[in-house]
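Lettering follows sequence order; numbering is per chain, from 1. Computation of the quantities below employed the complete heavy-atom set of this structure, encompassing side-chain atoms and omitting hydrogens, waters and symmetry-equivalent molecules.
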Amino acid sequence: MSVRESRIASLVLGASAIIVALAVLAVFAFLFKFALPVFTGGQGACILSGVWNPFKGQFGILPMLAASLCISLSALLIGWPLALGLCCCMHGFTPRPLGRFLSILLRGMTAFPTVVYGFAAIFLLVPVMREALGHGSGLNWATAALILSLVTLPTMTLVMDAGMHQTERRLRLTGAALGLNRQQVFSHLVLPACRSDLLAAAALGFARALGDTLIPLMLAGNAPQWPTAASDSIRTLTAHIGLVLATDSSSATYGSLFVAGCLLLLANMCVQLMLRTHLRTRGAA
Amino acid sequence: MLALVGVLLRNGTGALGQALFFDSVPPLAAITGQVPVWDGIWPACVGTLSLLALTMLLALGPGIGCGIYLASYASPRIKALLGFAIDLLAGVPSIVMGLFGFTLLLTLRHSAAPNAGPCLLLASCCLALLVLPVLVSTTRGALEALPRQLHLSGAALGLCRWKTMRHILLPAAARGILSGVLLAAGRAAEDTAVIMLTGAVANAGLPAGLTARFEALPFTIFYRSSQYRDALDLQQGFATTLVLLALSLALLAAATRLQRALDQRWQGIRTNRPTQHADRHA
């Protein structure tokens, strides 16, 4: 009886592992299967061109790719130093109650729905932007990048914090032996020692910003053009997928969506691979 | 951040109340579905809740099963491979998951079900995929964080691997697993991109079944932000964000609390007193 029960249990557990593996495979297989005919069907050059004008049969998604990269890089540029600063605050540069309050606040922020950020920003930040620029609608690259940096902030800070916490615990005695106080230990020993955590946080934040849909969709203006200035309305790959699927029903434009989806998947895969090899080298060292 | 929450609160609290949820329909009739609600967010609440229930129903089995498998059954090679696959799945942007649902739908239309459309079932399948990694990794983490003595005491009692798991390890890790479930639910509740592509619409009334379209809170917020007509609409939008915010913060708070309780329970054992408690739990 008990032998049979345990055999059933291991079968069930194995089956659920297989289901999960199959699900991952299915996601990749389906998207690549739908994207492949685009290239074999001779539409590839058309989609990887620089002009989006469906009425003339031009389905270039390169401007969207550029916009995605620009927005997430600039969000990273704003958010990463902020995250680093917050981490310093939590590790001894401010009074302890404030540090604890910050960490609770950041944990709470991870649960904030992105759509809430977008909704609030439309009524808070966008009018300010409109006034500041003096022209346009206030829906532009800068607005979206600012809010995106806020969205990715908790992820980055918590990753950094986790790494620093461990390193600090390891190095506390060393620092005490050298006669350093907590701030000195932090800036001279801990920070250089967890350089890799800082990098990992940047990579994760970048992936998060690249994959976010609602913020660019609601705040970046969605004009399919090359990004040239911070006050430009631009459209990211993610917003492109959302927009086209919500409004268009002609199948000619769908090809570009699958290619866009695959590009996003590939970008995410690169980040994951990078993190993995980097973790392995650290584990070896 | 404080300013953001403050503004939301100031603008939203005015509209919180019966009218927000049920418009002018009497609540009892609205809840039982006798009278349709058009302007309130009650249908969206029900939509989100049924979406959550269905998603968790689909994701719980495979998610927790796979977590247990990874924590104690898998060989190191499978562990590495499957772990990487799950990391990959965790990083898939939610809009791409929505796009996957869309391709699934196209395939279905060409093969088995020619008149399949975006619906509740499709949306919850995609959401289930989205939250799977959270479930797997918290289950695995909770099991692996248990002190080694528990495994040993199982073996000492002559229990086989499954009996040890069933009677010793799972009860001990239950709180951690439950907190993972809550986190996953929070993730499913807030996501907008997936349901936008797989079945959420602005005006559907109460969800009519597995194959019907539905309303959901995040989508309602998104829709109101671009399509509001007057000040009242806008105020309702703010109030809706408050409702959604309260839902996801409550889920997070509960999850954190469970997790902390688990940490405290095993902390002393791992560092100071290595054996005493392990026997008690066996």
Structural part of [X] lying under 4.5 Å from a heavy atom of chain B:
X	value
A:Thr213	side chain
A:Phe258	both
A:Ala207	neither

I'd like to verify something: which residue of [options] has the highest number of heavy-atom pairs under 4.5 Å with chain A?
options	result
B:Gly91, B:Gly61, B:Ala90, B:Pro93	B:Gly91
B:Leu89, B:Thr103, B:Val96	B:Thr103
B:Leu132, B:Ile78, B:Thr107	B:Thr107

Checking heavy atoms, do the side chain of [X], its backbone, both or neither come under 4.5 Å from chain A?
X	value
B:Leu88	both
B:Ile64	neither
B:Phe84	both
B:Phe222	both
B:Met165	neither
B:Ala80	backbone

Heavy-atom pairs under 4.5 Å with chain B - which of [options] has more of them than the others?
options	result
A:Ala26, A:Gly118, A:Ala23	A:Ala26
A:Thr238, A:Leu210, A:Leu214, A:Val271	A:Leu214
A:Leu217, A:Leu237, A:Val12	A:Leu217

(message) Within a 6.0 Å radius of atom CD on A:Gln166, are there more than 12 heavy atoms belonging to other residues, nucleotides or ligands?
(response)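 Check fails, neighbour count at 12 or below.
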Side chain proximity check, [X] to [Y], heavy atoms < 4.5 angstrom:
X	Y	result
B:Leu58	B:Ser124	yes
B:Val181	B:Leu60	yes
A:His165	A:Arg170	no

(request) Give a yes or no on whether the backbone of A:Leu139 and the side-chain of A:Ser233 come within a donor-acceptor separation of less than 3.5 Å. (result)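 A pair under 3.5 Å: yes.
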(message) I'd like to know if the side chain of B:Thr48 reaches the main chain of B:Cys45, judged simply by a donor and an acceptor atom lying under 3.5 Å from each other, with no hydrogens or angles considered.
(response)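 Between the backbone of B:Cys45 and the side chain of B:Thr48 there is no qualifying donor-acceptor contact (under 3.5 Å).
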(request) Mind running side-chain contact (heavy atoms from CB on, under 4.5 Å) on B:Leu51 and B:Ile195 for me, showing each step along the way? (result) CA-CA 10 Å; B:Leu51 189 68; B:Ile195 56 173; 3.6 Å; yes
(request) Can you spot which of A:Leu153, A:Leu76, A:Val151 makes a side-chain contact (heavy atoms from CB on, under 4.5 Å) with A:Arg208? (result)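 Single pass found, and it is A:Val151.
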